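Everything numeric here is computed off the predicted structure, so don't read it as measured data. All heavy atoms count here, side chains included; hydrogens, waters and symmetry mates do not. Chain letters run A, B, ... following the sequence lines, proteins first, then strands; residues in each count from 1.
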Amino acid sequence: GHPHPVWRMTSRVPALPRAVVVHVDLDAFYCQVEVGRDPSLQGQPIAVVQYNPFGDLRTILPSEPRIFNDSNGSLIAVSYEARAFGVKRNMRGDEARRQCPELQLVQVPTANGKADLTIYREAGAQVIDILARGGVCERASIDEAYLDVTEEALRRARRDHGRPVLPLNPEQCRVYGPDGVAGCEAWFSTPDWAWSDADELLAHGAAVVAELRHVVQTELGYSCSAGIAHNKLLAKLCSGLHKPQQQTILPESAVQRLLDPLMIAKLRSLGGKLGQQVAQVLGIETVGQLRAVPETRLRTLFGPETGPWLHRMARGQSSDRVQQRTLPKSLGCGKTFRAQNAIRTLQDVQYWLQQIARELAERIGSDRERNQRVPQTMGVGLSSHGDHVSRSCAMPGLSVESIASAGLALVRRWVAERAEWTVTDLYLSACNFRSIAACPSIATFFQSAAGEGGQGTQGLAPPDPRPDSP
DNA sequence: TACTCGGTCACT
DNA sequence: AAGTGACCG
């Protein structure tokens, strides 16, 4: 503890401030978007369903009534009121209704014979625009973002001479402390001399996050949860600790307490086959048990990259930086055609490529208007007999027709190579965006800025030889 | 009849 | 650099 910890030099090497990294997660986001569009749903148990029936799909506009309580589609979002009844994501409509007879099922809008997620995408972009006010902002998905608020936290620490102040809405703020989870009042009333540099920065960062969450709530009406820690791995874990509408700070002193009892699969990127394999090969279940495995053994069993990476994960260490990127890197849309519906003729491939290309062209068009960029590459993806195939080509143009016919050409090439095929998934995507900013000198500026874009204070952290990856 | 429709990243 | 596959929700 020190009144001016940020400036203190403890030795010949200055004490580098740790980054304040935040993971923000909208609460049951699609449900919140639907409640915003139909306030009579407020407070009710609801779920959003994506119904993919046989054959074509009638267009259902966002503005139309979309409550179909007899739907048996898959639930892709479940409100907290409904979760209290045991309704879960990926349940079917009928099972969900058995759990909660009062459940209101809102159908995703449809267009071009397929589900259309535009209203959720646009709502997500509005949230990102607000979060980006707080610091370096990385869009992680339609309803999640990482922030690096180190800069603003440092600014406040200097301004306030240390002394973090209790954030807005303290009842929505938690601290995962060395003595267990607590409300944040006690932690924030730590005497000035007792703050560690790292905790003090987290506390200031948490105030920033509380304010951002408040702005999202008042300007857009959406609640979200957040985790505040020193890296993305821990922030992500933390954001899920207290939901909905709460944020959780993870001081460094509590990292081990959080990780040790945690199932390995709870760590990001270990929720699949690799996590299963790690647990099985080592005969363990928890992160604490993984931490006890010597690095040399992990290296032997999982290789020179994955082994050390697991060793660091078990200690809550991650050097994965928050990127400055509020826009998606690719736009894609597609449709699944289950058993009976599988596509078996090129005619049907052509028909569905046209439908899908309508949506993609529309999205590319609005993206160009809003973000002054156009994709340079497009691709088609499909599944046949459980195999996934993708082919790509230079963007042939931005019209529905050019996208659809280029997609068909790619599929024709693939079809020509085989005797029999059955398409059960069909996707079109666009990526490799280039700026079309009006002024060439501005475009040049952005191109040169992109290489070092928005790393902010992250350069203060010690450099790492490699980015995180399994 | 029913595991959708997006996305990101690493490996080769 | 195109294509594959893992992973997330």
What is the nucleic acid contact for [X], judged by heavy atoms within less than 4.0 Å: base, sugar-phosphate only, or nothing?
| X | result |
| --- | --- |
| Ser392(A) | sugar-phosphate |
| Arg89(A) | base |
| Ile142(A) | nothing |
| Lys88(A) | nothing |
| Glu359(A) | sugar-phosphate |
| Leu117(A) | sugar-phosphate |
| Val108(A) | nothing |

Around atom [atom1] of [X], are there more than 12 heavy atoms from other residues, nucleotides or ligands closer than 6.0 Å?
| X | atom1 | value |
| --- | --- | --- |
| Arg315(A) | CZ | yes |
| Glu295(A) | CD | yes |
| Glu362(A) | CD | no |
| Gln44(A) | CD | yes |

[X] side chain: which of [options] is closest?
| X | options | value |
| --- | --- | --- |
| Pro328(A) | dG6(B), dT8(B), dT4(B) | dT8(B) |
| Ser74(A) | dA2(B), dC3(B), dG6(B) | dC3(B) |
| Ala115(A) | dC5(B), dC3(B), dA2(B) | dC5(B) |

Please tell me if [X] has a side-chain N or O lying less than 4.0 Å from either OP1 or OP2 of [N].
| X | N | value |
| --- | --- | --- |
| Lys114(A) | dG6(B) | yes |
| Thr336(A) | dC5(B) | yes |
| Arg92(A) | dT1(B) | no |
| Arg121(A) | dG6(B) | yes |

_Nearest-Å distance once atom P is located in both dG9(C) and dT1(B)_ = 31 Å
*Whole-angstrom distance between dC3(B) and dC8(C), as gauged at atom C1'*: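 14 Å, rounded to whole Å.
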Distance check needed: [N] [atom2] versus [X] [atom1], whole Å only.
| X | N | atom1 | atom2 | value |
| --- | --- | --- | --- | --- |
| Glu144(A) | dG6(B) | CD | P | 17 Å |
| Gln323(A) | dT8(B) | CD | C1' | 12 Å |
| Leu26(A) | dG6(B) | CG | P | 19 Å |
| Met91(A) | dA2(B) | CE | P | 18 Å |
| Leu426(A) | dT4(B) | CG | C1' | 14 Å |
| His388(A) | dG7(B) | NE2 | P | 17 Å |
| Asn341(A) | dC3(B) | CG | P | 13 Å |
| Glu305(A) | dT12(B) | CD | C1' | 14 Å |

_Contacts of Glu219(A) that satisfy salt bridge (Lys or Arg N to Asp or Glu O under 4.0 Å) - sequence neighbours left out_ = Arg133(A)
*Non-hydrogen side-chain atoms of Met313(A) and Val287(A) separated by less than 4.5 Å*: no
*Any side-chain heavy atom of Leu282(A) sitting closer than 4.5 Å to one from Leu290(A)?*
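A side-chain contact exists here, since the closest heavy-atom pair is under 4.5 Å.
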_Is it true that His242(A) and Arg174(A) share a donor-acceptor pair across their side chains at a distance under 3.5 Å?_
yes
_For Tyr427(A) and Lys329(A), find the nucleotide of DNA chain B closest to each by heavy atoms; which residue's nucleotide sits nearer the 5' end?_
Tyr427(A)
_Range on DNA chain C touched by chain A - first to last nucleotide, heavy-atom distance under 4.0 Å_ =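 Listing 5' to 3', DNA chain C meets chain A from dA2(C) to dG9(C).
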_Where Tyr427(A) and Gly334(A) come nearest, the two heavy atoms and their spacing_ =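 In this case the closest contact between Tyr427(A) and Gly334(A) is CD2-CA, 3.5 Å.
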